[in-house]
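Atoms within a ligand are numbered from 1 in the order they appear, just like the ligands themselves.
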Amino acid sequence: MNRIKKHPVLEIKERKEIKFYFDGQEIKAFEGEMLSSALFAAGIKIFSYHKKDSAPQGIFCANGQCAQCSVIADGKVVKACVTAVKENMKVQTLRGAAPVSCDKSDKKLSFSKIEEIDTDVLILGAGPSGLACAFEIGKFNLDTIIVDDKDKPGGKLVLQTHKFFGSVEDCYAGSRGIDIADKLADDVKKYPSVKMWNNSVCAGVFSDKKIGVVKDGVYYLIKPKVFVVAAGAREKTLMFPGNTLPGVYGAGAFQTLVNRDLIKACEKIFIIGGGNVGLIAGYHAVQAGIKVVGLVEAAAYCGGYKVHEDKLRRLGVPIFTSHTVVEAQGKNCLESVTIAKVDENFKPIKGTEKKFKADTLLVAVGLNPVNEFYTHALESGINAFICGDAQEIAEASAAMFSGKIAAHKVLKSLGFITSEVPNFWYEKLEILKSRPGKTYSLEELKQEYQGKVYPVFHCRQEIPCNPCVTVCPKKSIKLSGETIMSLPKFSGECIGCFKCLVICPGLAVTIVDKRKDEKNPIVYLPYENDPALAEKGKTAEIVDDYGEDLYKAEIVSVLDMKAENMRIIGVKIPAELAEKAASLRILSHEEGEKWRGDISKLDDCVIVCRCERVTLGEIRKKIKEGVRDLNQLKALTRAGMGACGSKTCNSLLLSVMKSEGIDTKEITDLTKRPLFMETEFAVFAGVSSKKEDKTSFSGF
Ligand code: SF4
Ligand code: SF4
Ligand code: FES
């Protein structure tokens with residue numbers, strides 16, 4: 001079984017084992033886990049064969065947004081990523097078109113009246129912004145319902161094992177995402193007026209100002225005085241040959257498998273995208289004992305935080321900037337990935353291709369806001385607000401703060417407060433949302449250190465972050481500018497308490513200690529990976545800021561910071577190298593093979609709409625014939641007509657139009673209509689097998 005049995009950060013809890021059947025084969029799963037994770041744990045990565053060309057399909061988003069992971073479970077077509085395994089469930093590969101489920105038994109259906117619920121506030125999404133918003137509203141004792149499609153609040157935070165940036169006072173900077181999720185949920189739990197409806201989806205927003213929600217197979221119509229959309233974001237996908245092979249999926253899906261469900265999803269991964277999501281997913285893979293073969297970024301530099309990039313590079317992951325993936329290869333599942341350098345127009349350069357063996361390719365090319373509920377709410381005249389990634393893609397720290405701002409607006413619109421949102425809140429939000437600023441060279445930041453023990457900052461890029469400053473008991477770390485974007489600088493006394501090293505989310509603080517030996521000081525390095533690779537007495541490969549070899553050093557001490565789920569590794573290093581030591585390298589590089597394909601001929605076969613397997617060639621043909629309206633394109637090719645409701649391909653279709661030289665003003669986007677989520681028709685008639693008392697809806 002592909003289960004993670006030990007993890008440097010996550011606790012492996014005992015879970016109850018159950019069994020189910022996949023195509024007749026008995027499989028063990030854990031109670032409550034999603035089918036997709038249970039199948040991955042059993043090494044099954046193909047869930048269906050497409051009706052159009054019998055192509056094998058695996059997961060893509062593992063978040064209920066696409067429909068790639070459809071299987072048949074107990075006779076019904078379901079998305080495996082949002083369907084919990086049940087004891088003795090009979091699951092089958094979906095082959096071809098989805099069968100219409102037809103209950104031939106003569107059992108009587110029971111119909112009940114659709115319940116309508118009035119509430120003060122309905123919040124869609126229990127991620128960082130939704131919870132932060134609910135917390136502020138809870139203080140006013142307003143009837144509030146939070147609807148979320150997961151079984152636990154926290155949104156994407158529950159997938160994040162790393163510590164977060166931002167400021168300690170505004171957004172729990174220096175805490176791990178998984179812990180922030182618990183803290184936010186605990187905060188909200190204090191207010192009984194806030195009800196958490198988990199495992200619930202918002203099916204649609206209607207013109208009679210009601211919002212349709214399906215919870216546990218029961219349909220409700222909710223009429224809120226205020227509707228807050230905090231629905232987060234969905235992952236973008238990318239066009240390249242082989243992009244739908246099982247084994248090619250989103251970075252969020254990977255984090256779900258690995259960090260939420262503790263599945264060792266693969267052996268070797270390659271990553272597309274040097275934004276924070278791709279960089280962090282790479283780091284999470286290393287923590288889970290998965291080899292990261294490389295990461296490509298089409299731009300000349302990674303767009304994510306440099307501290308995230310540095311962490312990965314220093315562990316030994318090659319980062320190929322100005323490169324792209326030109327093909328993903330494999331018979332039924334991914335077996336290898338070919339990358340190539342790109343020119344200034346981002347076109348692959350012939351002759352620069354390299355092929356790497358990998359069983360998984362993570363697509364981390366950005367996020368699209370889930371904002372269709374908000375647009376419809378406004379069109380329907382509902383008093384609606386939006387926050388978090390649904391409003392603008394940014395870090396979770398910014399999402400929390402925007403949730404707080406949304407709450408203020410809600411309270412004002414309901415007459416509970418009269419003041420406007422303070423201006424400095426918006427200023428703070430802008431800082432938390434900031435893209436990384438200037439990166440300074442080591443030369444520019446060179447510092448003469450006094451004293452026998454002192455911190456060295458390997459944090460050279462302006463990002464919104466300050467926990468190292470907040471935590472120093474001697475107040476010896478100060479920011480070099482006015483805002484938390486500026487870099488930290490040490491001056492004054494250091495007592496070697498390690499607090500700055502421990503709290504730094506970027507693992508960018510080391511401590512040089514010359515108290516026992518001036519010529520060969522001990523350098524203390526933060527470490528969050530497999531303890532077996534950094535044991536006392538072993539020789540460690542120490543690298544500098546750039547991830548280059550610096551010194552082979554003996555590990556002289558290992559401090560297990562249990563409460564922080566990390567270790568501090570002490571290595572002895574000659575004094576002249578001590579300040580350059582930035583990390584331990586634990587991975588070895590793999591050389592790519594030469595590849596002899598022809599990149600110029602690959603384009604037209606690329607899949608754009610994965611639900612309906614419509615190719616780039618088919619779409620280009622229609623554009624050449626004059627099609628400018630995506631609704632017409634949909635009618636002619638089925639692109640956008642699939643089970644995901646165009647959530648996956650809509651942005652790709654627009655980008656194809658633009659890349660074919662069509663002016664944005666000429667393009668008509670797809671018309672979005674409820675239902676926004678796949679919903680069984682029977683629920684609208686009030687048919688259900690299970691009806692719960694709404695007073696039991698506390699999912700915290
Ligand atoms: S080790 Fe402790 S005293 Fe020294 S700079 Fe860091 S936080 Fe301050
Ligand atoms: S050194 Fe300080 S400012 Fe830089 S990433 Fe670490 S905690 Fe943030
Ligand atoms: S990818 Fe789902 S409709 Fe196109």
### Query
How about Q450: does its CD atom have over 12 heavy atoms from other parts shown lying under 6.0 Å from it?
no
### Message
Using a 4.0 Å heavy-atom cut-off, which part of Y454 comes near ligand 1: side chain, backbone, both, or neither?
### Response
neither
### Message
Testing the 3.5 Å rule here: is there a donor-acceptor pair between the side chains of R613 and T244?
### Response
yes
### Query
Is ligand 2 under 4.0 Å from a heavy atom in the side chain of C459, in the backbone, in both, or in neither?
side chain
### Contacting atoms of ligand 3, where contact means under 4.0 angstrom from a heavy atom of R610
1 (S)
### Task
Could you check atom 3 (S) of ligand 3 against the protein and tell me its nearest heavy-atom contact, residue, atom and distance included?
G642 N, 3.1 Å
### Query
Does ligand 3 have any atom that is closer than 4.0 Å to a heavy atom of G640?
yes
### V509, portion touching ligand 2 at heavy-atom distance under 4.0 Å
side chain
### Message
Only heavy atoms of F457, strictly under 4.0 Å: list the atoms of ligand 2 that pass.
### Response
1 (S)
### Message
With heavy-atom distances below 4.0 Å as the criterion, list the atoms of ligand 1 near I495.
### Response
3 (S), 4 (Fe)
### For atom 8 (Fe) of ligand 2, the protein heavy atom that lies nearest, with its residue and separation
C465 SG, 2.3 Å
### Summary
the protein heavy atom lying closest to atom 2 (Fe) of ligand 1 turns out to be C497 SG, 2.2 Å
## Note on the structure
Numbered in order shown, the ligand 1 atoms found under 4.0 Å of a heavy atom of I511 are 1 (S)
### Task
Take atom NZ of K51 as the centre, draw a 6.0 Å sphere, and report whether it contains more than 12 heavy atoms from other residues, nucleotides or ligands.
yes
### Query
Looking at atom 6 (Fe) of ligand 2, what's its closest protein heavy atom, distance included?
C504 SG, 2.3 Å
## Note on the structure
Nearest heavy-atom approach of M34 to C81 is CG-O, 3.2 Å
### Query
Between R314 and D545, is there a side-chain N and carboxylate O pair less than 4.0 Å apart?
yes
#### Entry: salt_bridge(K438, E444) N-O dist < 4.0 Å
yes
### Task
Can you sort out which atoms of ligand 2 are near P505, meaning under 4.0 Å from one of its heavy atoms?
7 (S)
#### Entry: Distance flag, aromatic centroids of F165 and Y305, threshold under 6.0 Å
yes
### Nearest non-hydrogen protein atom, atom 4 (Fe) of ligand 1
C494 SG, 2.4 Å
### Query
Heavy-atom count around K306 NZ within 6.0 Å, excluding the residue itself: above 12?
yes
### Query
Less than 4.0 Å between a side-chain N and a carboxylate O, is that true for E618 and K622?
no
### Task
Among all protein heavy atoms, pick out the one at the shortest distance from atom 5 (S) of ligand 1; state its residue, atom name and that distance to 0.1 Å.
P455 CG, 3.6 Å
### Query
Hey, is P473 touching ligand 1 through its side chain, its backbone, both or neither, going by heavy atoms under 4.0 Å?
side chain
### Task
Check whether any N, O or S atom of C472 sits under 2.8 Å from atom 8 (Fe) of ligand 1.
yes
